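In what follows, every heavy atom counts, from backbone to side chain, and hydrogens, waters and symmetry copies are set aside. Here the structure is a predicted model, which is why all the values come from computation and not from measurement.
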Amino acid sequence: MSSSGYTPNIGGGPQPSHLITDGTAVKKTANGTVSAANAARKSITIQNHGTNPLHIAMGATASASVVHFILKASAAEYDGSGGTVNIDSYTGQITAWSSSGTKFTYGEFV
């Protein structure tokens, strides 16, 4: 609930119990952790805000060849057009890599 007393409805279906991390634009170098392992995590949503594809790996290292998801580049940095992925039921470390450094936002739900 916000300080105004209004709680927004974020879509149909079951609602997450609460958002533990609402990531702001995070800048990393060539390889970095999106989220550390979290046994309580129900899901995480990641959006690319960089102008190069963003490689996401479920594990300690993401690279051009170690990848589970590739999120499309934004047309311009932080314009909202970059690729998005929602990962459910995975509680391990998540990392990201891009050839130009990573720029992304994320929301993690427990």
Side-chain angles (χ1 to χ4, degrees):
M1 180 180 336
S2 72
S3 60
S4 69
Y6 171 72
T7 302
N9 179 346
I10 59 172
Q15 301 297 310
S17 57
H18 78 283
L19 181 64
I20 62 163
T21 305
D22 183 10
T24 57
V26 177
K27 291 186 178 184
K28 300 279 184 184
T29 55
N31 187 22
T33 297
V34 174
S35 181
N38 180 353
R41 180 188 310 129
K42 303 277 190 256
S43 70
I44 187 168
T45 300
I46 306 162
Q47 183 177 20
N48 185 8
H49 290 286
T51 55
N52 287 307
L54 181 65
H55 295 70
I56 302 294
M58 296 184 295
T61 304
S63 70
S65 61
V66 179
V67 61
H68 292 98
F69 306 97
I70 300 175
L71 305 184
K72 75 174 186 167
S74 294
E77 285 188 359
Y78 305 108
D79 71 355
S81 68
T84 301
V85 65
N86 183 66
I87 303 169
D88 293 325
S89 304
Y90 175 73
T91 60
Q93 182 179 0
I94 300 169
T95 54
W97 178 89
S98 176
S99 62
S100 65
T102 59
K103 296 178 176 84
F104 59 89
T105 55
Y106 68 97
E108 184 174 31
F109 300 87
V110 294

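Note that the OG1 atom of T95 and the CD1 atom of I56 stand 7.5 Å from one another [nearest 0.5 Å]. Rounding to the nearest 0.5 Å gives a distance of 10.5 Å between CD1 of I87 and CD of E108. Atoms CG and CG, from N52 and L71 in turn, are 12.5 Å apart once rounded to the nearest 0.5 Å. Atoms CD1 and CZ, from I44 and F109 in turn, are 9.5 Å apart once rounded to the nearest 0.5 Å. Note that NZ of K103 is 14.5 Å distant from CD of Q47, once rounded to the nearest 0.5 Å. To the nearest 0.5 Å, atom CD1 of residue I94 and atom CE of residue M58 are 8.0 Å apart.
Criterion: ILVMFWY side-chain heavy atoms under 4.5 Å apart, direct or through other members. Under it, Y90 and Y106 are part of a common hydrophobic cluster.
The backbone N or O of L54 lies less than 3.5 Å from no partner atom in the side chain of S98, so there is not a single donor-acceptor pair. Panel note: side chain S63, backbone V66; a donor-acceptor pair is recorded below 3.5 Å. No donor-acceptor distance shorter than 3.5 angstrom exists from the side chain of S81 to the backbone of S74, with no hydrogens or angles considered. Here the side chain of N48 pairs no donor or acceptor atom with the backbone of G83 at under 3.5 angstrom.
Between P53 and A73, the shortest heavy-atom distance links the atoms N-CB, 3.8 Å. For the pair F104 and A96, the tightest heavy-atom approach, listed with the atom from each and the gap, is CE2-CB, 4.4 Å. Between A75 and T51, the shortest heavy-atom distance links the atoms O-CG2, 4.3 Å. Across every non-hydrogen atom of H55 and A62, the tightest pair is O-CB, 3.8 Å.
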Q | Candidate pair F69 and I46, rule side-chain contact (heavy atoms from CB on, under 4.5 Å), full reasoning | A | CA-CA 11 Å; F69 306 97; I46 306 162; over 6 Å; no

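The aromatic rings of H49 and Y78 sit parallel, their planes meeting at an angle under 30°, below the 60° perpendicular limit.
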